[in-house]
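Beneath this line is the structure, given in structure tokens, with notes to follow.
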Amino acid sequence: MINTFEAVAVTLIALIPGATYVWAVERRVGQWGAGLPDMLLRYLGTSAALHILLAPLTYWLWSQYAATGVLRDGRPVPWALWGYLTIYLATPFLLGSLRGIARDWPVIKALTTIKSPTGWDHLFGREPQGWIKMKTKSGAWIGGWFGKASGTEAFAGGYPHPRELYVPKTVEVDQASGKFVVDERGRPYELGPGMLVRWDEVEYLKFSEVNA
């Protein structure tokens with residue numbers, strides 16, 4: 001009969017690999033879960049795939065430590081076992097990080113799929129950099145640089161959080177034509193410090209990406 005401690009241990013073993021993988025991916029692409037039920041399903045599904053991948057190691061550990069009674073009768077836990085258990089965290093973390101970093105690679109796209117829940121996340125989830133121009137619902141044009149500037153980085157809040165946009169550098173936009181006001185080098189004329197904008201206040205947005 002499984003006791004409470006064993007039940008908790010089984011639950012953690014079932015969830016932790018998937019949770020680690022999903023967490024590693026979302027560090028790169030944003031948190032796109034739709035709530036606790038969705039998160040649990042993703043954790044379980046991912047854990048199932050990872051446990052299949054780690055099945056040879058699982059069987060070997062069981063045969064070496066569980067079936068032989070090494071872990072019974074209050075015996076000290078072998079130090080090597082902690083190293084093997086680390087693999088159960090390191091493997092999903094590394095795979096999840098790779099999936100997040102290389103999400104646009106053709107091979108990674110062919111093997112796995114992560115679809116952005118909104119157009120906003122599709123654009124800003126890639127962490128692009130470039131000039132951004134917005135027309136607010138009040139009719140005013142505002143613009144800025146989306147990227148790094150003066151030691152500060154731009155930020156775009158993604159699903160399921162409020163869509164807020166921070167640009168570290170603002171630039172001038174002609175209020176009549178909606179075009180950037182440029183300097184002698186043809187670059188948008190800088191106005192000053194950063195700006196925080198809520199998407200609910202924006203009617204139109206244009207993004208001109210600049211390659212790093």
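- Cluster annotation: Leu123 is connected to Met134 through the hydrophobic network of ILVMFWY side chains, with a link wherever side-chain heavy atoms come within less than 4.5 Å.
- Rounded to the nearest 0.5 angstrom, Ile87 CD1 and Phe93 CZ are separated by 16.0 Å.
- Between the side chain of Trp120 and the main chain of Gly157, a donor-acceptor pair closer than 3.5 Å is present.
- Note on Ile142: it does not cluster hydrophobically with Leu191, by side-chain heavy-atom contacts below 4.5 Å among ILVMFWY residues.
- Under a 3.5 Å cut-off, the side chain of Lys133 and the backbone N or O of Gly178 do form a donor-acceptor pair.
- There is a path of hydrophobic side-chain contacts, each under 4.5 Å, that joins Trp199 to Leu165.
- Leu50 contributes atom CG, which lies 9.0 Å from atom OG1 of Thr20 (distance to the nearest 0.5 angstrom).
- For Gln175 (side chain) and Val173 (main-chain N/O), a donor-acceptor pair under 3.5 Å exists by modelled atom type.
- Rounding to the nearest 0.5 angstrom, the gap separating the CZ atom in Arg187 from the CD atom in Glu190 is 7.0 Å.
- Annotation: the span from Lys169 atom NZ to Thr152 atom OG1 amounts to 11.5 Å, rounded to 0.5 Å.
- Summarising the geometry of Glu209 relative to Pro128, their closest heavy-atom pair is OE2-CB, 3.8 Å, with the distance given to 0.1 Å.
- For Phe207, the CZ atom is densely surrounded, since the number of other residues' heavy atoms within 6.0 Å is greater than 12.
- Atom-to-atom distance recorded for Thr136:OG1 and Asp200:CG is 13.0 Å, nearest 0.5 angstrom.
- Considering every non-hydrogen atom in both Gly144 and Val167, the closest pair reads CA-CG2, 4.3 Å.
- For Phe155, the CZ atom sits in a loose shell: 12 or fewer heavy atoms of surrounding residues, nucleotides or ligands are nearer than 6.0 Å.
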Show your reasoning for whether ring-ring contact (aromatic ring centres under 6.0 Å, His included) applies to Tyr204 and Trp141.
-> CA-CA 9 Å; Tyr204 170 87; Trp141 285 95; 5.8 Å; yes
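- Residues Pro168 and Trp145 approach most closely at CD-O, 3.2 Å, considering heavy atoms.
- Nearest heavy atom pair, residue Pro92 against residue Pro17, reads CB-O, 3.3 Å.
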Assess whether side chain to side chain contact (heavy atoms under 4.5 Å, CB included) is satisfied between Val171 and Tyr189, documenting all intermediate values.
-> CA-CA 5 Å; Val171 297; Tyr189 183 78; over 6 Å; no
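- Contact detail for Lys137 and Val202: the closest heavy-atom pair is CE-O, 3.7 Å.
- For Phe124 and Phe146, the ring centers are positioned less than 6.0 Å apart.
- The distance from the CD atom of Glu172 to the NZ atom of Lys179 is 15.0 Å, given to the nearest 0.5 Å.
- Remark: side-chain polar atoms of Thr170 are paired, donor with acceptor, to backbone N or O of Pro193 under 3.5 angstrom.
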